[in-house]
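To start, the structure under review is shown below, and the notes come after it.
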2 protein chains.
Amino acid sequence: MAIKDSNTEKQIVEAARHIFFKEGRFKATTQEIADAAGVTRTLLNYYFRSRDVLFEKILQDARENMDAKLKTVMEGSSSFREKIEYFIDVFIEQSLNLPYIDAYMISRMNDGILNPDEVVDKLATRDMHTKVKRFLKEIETEIEKGTIPHMTPLDFMVNLSSLLAYPGVAQPMFKKIFQMSDKQYRQFLAQRKAAILKALFK
Amino acid sequence: MAIKDSNTEKQIVEAARHIFFKEGRFKATTQEIADAAGVTRTLLNYYFRSRDVLFEKILQDARENMDAKLKTVMEGSSSFREKIEYFIDVFIEQSLNLPYIDAYMISRMNDGILNPDEVVDKLATRDMHTKVKRFLKEIETEIEKGTIPHMTPLDFMVNLSSLLAYPGVAQPMFKKIFQMSDKQYRQFLAQRKAAILKALFK
DNA sequence: TTGCTGTTTGACAATAATGTCAAACATTGC
DNA sequence: GCAATGTTTGACATTATTGTCAAACAGCAA
């Protein structure tokens with residue numbers, strides 16, 4: 001059999017990942033992706049059945065990558081605060097590396113192309129619900145201990161998510177409002193950890 | 001001349017507003033909008049030149065509405081904390097009334113249909129930049145006073161925006177994760193004010 | 001060389017959505 | 001009634017994009 005000597009497939013994946021999740025151009029056509037990869041459009045259909053399948057692959061890769069990073073520490077025996085700090089670190093890193101992943105999920109959920117169930121299934125691990133419940137319990141304990149302000153565990157979790165995700169999601173807007181360059185905004189994101197912690201803990 | 005006795009135009013606007021910003025189905029076709037309004041598709045083009053123009057109108061209405069509400073108090077002489085509280089109130093009300101407006105801006109920014117400049121121009125008032133600067137100054141004063149945690153004014157502003165906008169933007173996701181009905185989520189949003197304040201102030 | 005398998009190409013078909021247009025219709029003023 | 005103006009309709013043209021397919025091509029094995 002003829003060996004696949006050229007790395008066409010990888011070139012396509014890389015180009016797509018870059019365009020979609022680094023540049024945030026979700027509407028990019030298969031033609032644009034093919035051009036960026038330096039191949040003909042038909043090859044996208046040859047290696048992946050459709051545009052959607054290509055997406056799936058990239059998305060799954062990103063999710064698995066993040067999952068792996070989080071799993072180790074989240075289930076470890078470190079303190080609540082340590083866990084949150086690590087969580088923030090991982091999330092900020094993701095925001096810097098693939099800034100538009102979250103924005104994509106949001107967009108697609110609202111487009112109706114993916115319904116929320118599918119989105120959640122895609123970005124969540126199987127046993128998400130039990131994990132969420134366990135996490136909410138932990139938060140409750142912390143509130144009793146007095147390390148975080150008194151509020152419902154749900155509010156705390158939503159606050160945490162918001163503080164982490166929105167600066168990435170609304171990146172283009174903030175850049176314009178604050179008249180920041182790409183580089184400046186990345187620096188801004190990179191230093192947010194302290195401000196996030198101050199918003200979360202007493 | 002024949003008087004426009006039927007309110008076709010209004011019906012279209014209402015249907016579009018509902019589908020786009022209450023249901024969040026941004027991809028809805030002109031046909032769907034026409035159906036919802038109970039008119040033929042061609043009438044969308046008759047009353048508004050194109051689908052985009054229709055969007056513009058609705059978006060502008062929403063913006064002007066919110067602007068009006070904010071302007072009065074923001075420029076008044078109330079305290080910083082009072083201003084923020086009012087800001088939160090208005091924003092939450094908007095989240096309940098037209099929950100998908102922000103998600104739309106985000107989506108469209110990233111779709112590349114609107115570039116960030118246009119988006120910001122659309123949702124911002126003319127003199128936004130001076131207002132932003134004035135607001136950042138106010139934040140700085142508050143930090144010196146010690147009413148809010150020590151961080152850059154930018155961080156504070158981004159925290160504020162995130163805590164307000166993200167729960168609306170990511171609404172479909174949160175509903176699924178927390179297994180909440182529409183009504184339950186609305187109730188959750190309605191009670192968030194205290195939790196937001198606790199995250200912002202010392 | 002010949003044949004096999006995987007790869008690449010260009011042309012084509014299918015689909016989905018938007019916007020246009022001429023003609024039909026309705027309402028009002030005269 | 002009948003012009004005149006605004007409204008509504010259905011058919012059509014246009015455009016953009018995706019996916020398919022048969023044929024050409026390249027490398028390896030016998």
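- Within the 4.0 Å cut-off from OP1 or OP2 of dT9(C), at least one side-chain nitrogen or oxygen of Thr40(A) is found.
- Between Tyr47(A) atom OH and dT9(C) atom C1' the separation is 13 Å, expressed in whole Å.
- Side-chain rings of Phe178(B) and Phe188(B) stay apart, their centers remaining 6.0 Å or farther from each other.
- No hydrogens or angles were tested; on distance alone, a donor-acceptor pair under 3.5 Å links the side chain of Arg41(A) to the base of dG19(D).
- Using a cut-off of 4.0 Å between Lys/Arg side-chain N and Asp/Glu carboxylate O, Lys71(A) and Asp67(A) are scored as not salt-bridged.
- Taking the six-membered ring where the residue is Trp, the centroids of Tyr100(B) and Phe21(B) are separated by 6.0 Å or more.
- Distance Phe48(B) CZ to dT8(D) C1': 15 Å, rounded to the nearest Å.
- For Ile33(B) and dA17(C), the CD1 to C1' distance is 12 Å, given to the nearest whole Å.
- Dashed line: the shortest gap from a side-chain N or O of Thr8(A) to OP1 or OP2 of dT8(C) is under 4.0 Å.
- Across dG19(C), dT8(D), dT9(C), the shortest atom-to-atom separation from the side chain of Tyr46(B) is found for dT8(D).
- The nucleotide whose nearest atom lies closest to any side-chain atom of Thr42(B) is, among dT18(D), dG6(C), dA11(D), dA11(D).
- The side chain of Thr30(A) contributes an N or O atom lying less than 4.0 Å from OP1 or OP2 of dT18(D).
- The interatomic distance linking Asp35(A) (CG) with dT9(C) (P) rounds to 12 Å, in whole Å.
- Between Ile88(A) and the options Lys83(A), Lys193(A), Glu93(A), a side-chain contact (heavy atoms from CB on, under 4.5 Å) holds for only Lys193(A).
- The base of dG19(D) has none of its N or O atoms less than 3.5 Å from a complementary donor or acceptor on the side chain of Arg51(A).
- Here dG10(C) presents its P atom at 11 Å from CD of Gln31(A), a figure rounded to the nearest Å.
- The nearest whole Å value for the distance from the CZ atom in Arg49(B) to the C1' atom in dT18(C) is 13 Å.
- Note: CG (Leu43(A)) to P (dT8(C)) measures 5 Å, nearest angstrom.
- Among all heavy-atom pairs drawn from Leu164(B) and Ser95(B), the shortest one is O-OG, 4.3 Å.
- For Asn45(A), whose side chain is taken as the heavy atoms from C-beta onward, the closest listed nucleotide among dT8(C), dT8(D), dG19(D) is dG19(D).
- The distance from atom CG of Asp52(B) to atom P of dG19(C) is 7 Å, rounded to the nearest whole Å.
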